4 protein chains.
Amino acid sequence: MTQTTKSSPGRPRSIEVHQAILQATLDLLAEFGYQGLSIEAIAARAGVGKATIYRRYNSKEELIAEAIECNRPQLTIPDTGSLWTDLEEVHKQAAELDLSPLGRQTIAMIISLASTIPQFAEIYWKKYVIPRRKAASIIFKRAKARGEMSPDVDPDLICDLMTGLLFKSILFQPETEEIKSYMRRALDFLLQGVTSKPSQ
Amino acid sequence: MTQTTKSSPGRPRSIEVHQAILQATLDLLAEFGYQGLSIEAIAARAGVGKATIYRRYNSKEELIAEAIECNRPQLTIPDTGSLWTDLEEVHKQAAELDLSPLGRQTIAMIISLASTIPQFAEIYWKKYVIPRRKAASIIFKRAKARGEMSPDVDPDLICDLMTGLLFKSILFQPETEEIKSYMRRALDFLLQGVTSKPSQ
Amino acid sequence: MTQTTKSSPGRPRSIEVHQAILQATLDLLAEFGYQGLSIEAIAARAGVGKATIYRRYNSKEELIAEAIECNRPQLTIPDTGSLWTDLEEVHKQAAELDLSPLGRQTIAMIISLASTIPQFAEIYWKKYVIPRRKAASIIFKRAKARGEMSPDVDPDLICDLMTGLLFKSILFQPETEEIKSYMRRALDFLLQGVTSKPSQ
Amino acid sequence: MTQTTKSSPGRPRSIEVHQAILQATLDLLAEFGYQGLSIEAIAARAGVGKATIYRRYNSKEELIAEAIECNRPQLTIPDTGSLWTDLEEVHKQAAELDLSPLGRQTIAMIISLASTIPQFAEIYWKKYVIPRRKAASIIFKRAKARGEMSPDVDPDLICDLMTGLLFKSILFQPETEEIKSYMRRALDFLLQGVTSKPSQ
DNA sequence: ACGTAACCGAGACGGTACGTCAGGTCTTATC
DNA sequence: GATAAGACCTGACGTACCGTCTCGGTTACGT
């Protein structure tokens, strides 16, 4: 179905151009936010014609989507042998990722776009929700196998509650450190009845 | 010191016009969403000159802000004598309010705008977060007094978790009914360990 | 037919206001020309409401017409006893009148408006053409009586030729002094064959 | 010095569009006059975006200038061998050109615009005054060579006097035929003393 | 003397056109 | 055939005035 090494006739699309477009997009995004981000400016910044962009993406949103998608690093799922140290690790990673300046900007924008363009909801779902749900699922499964956790806890629910709280915090709480501790407190609360937490 | 009946000179601003503008804004918002909401269309729909809008609001955002602020109905805090029926009632009210077509659109837009315009974060905070936190606080206090609930539960935390989840669901879950049942499940989970739930 | 002292009931229109409006109109006309002359600016300058202007005039043109008509000083027809000193005097008066900044602006504007608004053509005719023709007619008649001039010269033709030239010069010749000397030369040429010019 | 086949990069400006704009301008001008001539209407009539017009012209005046400039036919200088038949011919041409309905409109507008926008004075000067002065100059030079005319007559002065009279007549005299005969009479008068007019 | 009718300032009102800007499509010449 | 450049149509932007319409307040007559 898909041709693997089929090369179409004519000049191939330049990889440098591709990169330049994405980089320019991210630069301008970081500098001016989603508002004040024009295709015209991206083209100028990348030293590229507008048509070259439209040949690759059908809309501004698609372009931004790919720019974010390519740029966003992945979570690695820890396996320390203990539920709480695993969670600690995930919590640390997520905080680093999401609460950095660029991270906050990005999430805010994903949210913003998801609320208007359905296609973004999907991207977000794939790149953000699923990995976290998967991480939670794996960590919880291991914890259940170790008997650290009640077997009927729904990892997705926990994960969604935490993610929702994160969103809300990112939008409405400017203090990063407060978000971290509030999230931490929420996690403790959510798991208090269903796990055997070690005495700290 | 305070002038009670001070009236500026010149023709006073028409209240009908004011209302027409806000109504037109809400109508078009419900119909086309935030994108595709132009001042020109609002003016045309309201049967009003553009200048009349710009005389009142300096930007589209300001206008939308007031439209939402003026329109949004308030929650009434129930007092049925039982924690769970109270929650049932609040849950029903919130669902009706937030998950109606206009409600979803409005929330999505507030979220979207809050990420870029601080003023919107405030509106959301005042019109959404505070009332819900207050409702939760009162209901929980009564429940604690009745001994239905552990006294050290933080109502704000519960409320924020639920709000965050709602929020996330509205953005990424198109099925209204599924959101309702998922929210219901989340509430059960959150309160399972801290209350004496009646057998259903 | 006309009632002389009939006064309608109610407060009579203020004369000061009337004057202030006309003066403001002339001021702004001299300062900004016909373009850039807005009713709003006139009202502001005169310290008057717009309605007060529209109560008196149905259009900007009507207002300007009256402003000019009321303001324009008249030529006085000299009688020095000699054709050439009479002409000298008329020439001097007209130059002073027409080539002052306000004079140039006014003429330019009348010309400009005359092409579209018939009413302005009439103003020009009454305020510019007729007085000059009359002056020329009287001066020439006296000159003919004195035998200084051939009796079959048409004063209107001379006058119209001079007026047309002035007209053209005002539009296309910025240098006031050059206009004066060119007009002078034209006058000499026009009368050379039909008068006995004194040796200068 | 001059690049013959220099072509700037990018899509070249469309000639059809150019023509359509100018044609629409002239059409609307003839239909509604200078007042009531909006860029928006021109754009709509030409089937063109407003930006496309503003890319070419910085103002309505510039556009009108070019529309007129491109449209206005030139005089041809006759050479019949006789001053009076030459003048006859020029007179006929000018009458046909200037006193046609479009001609009157155009001249009125040139005058109108020249009085407010200096740039128009220049256009008029180049397209209107200079050609006529040149024609007069050539015809008179030939006449002087033939001995039909006194050698010290200034052709520019004659020409300007006639032009000025034409202007004045066009603005204030609605009857075309009367203008023609009056102009004819003026010409006779101007040249009576300086030429040997053939007996008619 | 006092009511009332027309005046006055201020400025809001529905409009029209302005000149600008960006979006997304197209047409060149060049690589 | 992809690219850089940039012209093209579309449509919304925010501004400036237009001419009309309320407002609250002020004269000056006519009873």
Side-chain angles (χ1 to χ4, degrees), chain A residues 8-14 16-17 36-44 46-60, chain B residues 5 7-14 16-18 20 36-44 46-60, chain C residues 7-14 16-17 36-44 46-60, chain D residues 5 7-14 16-18 36-44 46-60:
Chain A
S8 57
R11 177 175 174 179
R13 293 189 181 171
S14 158
E16 294 84 17
V17 162
L37 179 60
S38 69
I39 292 280
E40 231 136 55
I42 293 172
V48 142
K50 275 199 292 179
T52 303
I53 294 179
Y54 281 107
R55 201 173 293 117
R56 291 169 162 76
Y57 310 99
N58 291 320
S59 67
K60 182 156 71 164
Chain B
T5 25
S7 82
S8 60
R11 178 176 176 176
R13 296 193 179 167
S14 158
E16 294 83 20
V17 163
H18 215 100
L37 181 59
S38 68
I39 294 279
E40 227 138 57
I42 294 172
V48 144
K50 274 197 294 178
T52 302
I53 295 179
Y54 283 110
R55 201 174 294 120
R56 291 169 161 75
Y57 310 99
N58 291 320
S59 66
K60 183 155 67 165
Chain C
S7 78
S8 58
R11 177 178 177 176
R13 294 190 181 166
S14 158
E16 295 85 16
V17 163
L37 180 59
S38 68
I39 292 281
E40 227 135 58
I42 293 172
V48 143
K50 275 197 294 177
T52 303
I53 294 179
Y54 282 108
R55 201 173 293 121
R56 290 168 162 74
Y57 310 100
N58 291 320
S59 67
K60 182 156 69 165
Chain D
T5 26
S7 81
S8 60
R11 177 178 176 175
R13 295 194 178 165
S14 158
E16 293 85 19
V17 163
H18 214 99
L37 180 59
S38 70
I39 293 279
E40 227 137 56
I42 294 173
V48 144
K50 274 196 294 178
T52 302
I53 294 179
Y54 283 109
R55 199 175 294 118
R56 291 169 160 76
Y57 311 99
N58 291 320
S59 67
K60 183 156 67 165

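Since this is a predicted model, take the numbers as computed values, not measurements.
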Shortest non-hydrogen contact between B/Arg56 and B/Ser14, atoms and distance: NH2-O, 3.2 Å

Decide side chain to side chain donor-acceptor pair (under 3.5 Å) for B/Ser38 and B/Glu40; before the verdict, give the C-alpha distance in whole Å, the side-chain angles of both, and the deciding distance to 0.1 Å. CA-CA 5 Å; B/Ser38 68; B/Glu40 227 138 57; 5.8 Å; no

D/Ile42 atom CD1 is separated from E/dC18 atom P, nearest whole Å, by 8 Å

Are any protein N/O atoms closer than 3.5 Å to N/O atoms in nucleotides 24-27 of chain F? If there are, list each pair with its distance.
{"unit_1": "F/dT26", "atom_1": "O2", "unit_2": "C/Arg11", "atom_2": "NH1", "d": "2.8"}

Is the backbone N or O of A/Leu37 less than 3.5 Å from a side-chain atom of A/Lys60, with the two atoms forming a donor-acceptor pair by type? yes

Would you mind reporting whether B/Tyr57 and B/Ile39 have side-chain heavy atoms less than 4.5 Å apart? no

Between C/Gly49 and B/Arg56, who's closer to the 5' end of DNA chain E by nearest nucleotide? C/Gly49

For D/Arg13, what residues pass the side chain to side chain donor-acceptor pair (under 3.5 Å) criterion, not counting sequence neighbours? none

Could you tell me how far apart B/Ile53 (CD1) and E/dG14 (P) are, to the nearest whole angstrom? 9 Å

Let me know the distance between CZ of D/Arg13 and P of F/dC9, rounded to the nearest Å. 12 Å

First of C/Val48 and D/Ala41 reached from the 5' end of DNA chain E, by closest nucleotide: C/Val48

So, for A/Ile53 and A/Ile42, which heavy atoms are closest and what is the spacing to 0.1 Å? CD1-CG2, 3.9 Å

Looking only at heavy atoms, the pair that brings B/Gly49 and B/Ala43 closest together is C-CB, 4.2 Å

Taken to the nearest whole Å, NE2/B/His18 to C1'/F/dT22 is 18 Å

Give one of base, sugar-phosphate or nothing for C/Ser59, where a contact means two heavy atoms less than 4.0 Å apart. nothing

Give a yes/no on whether any side-chain N or O of B/Thr52 is located under 4.0 angstrom from OP1 or OP2 of E/dG14. yes

For nucleotides 20-22 of chain E, tabulate all protein N/O to nucleotide N/O atom pairs closer than 3.5 Å, reporting atom names and distance.
none

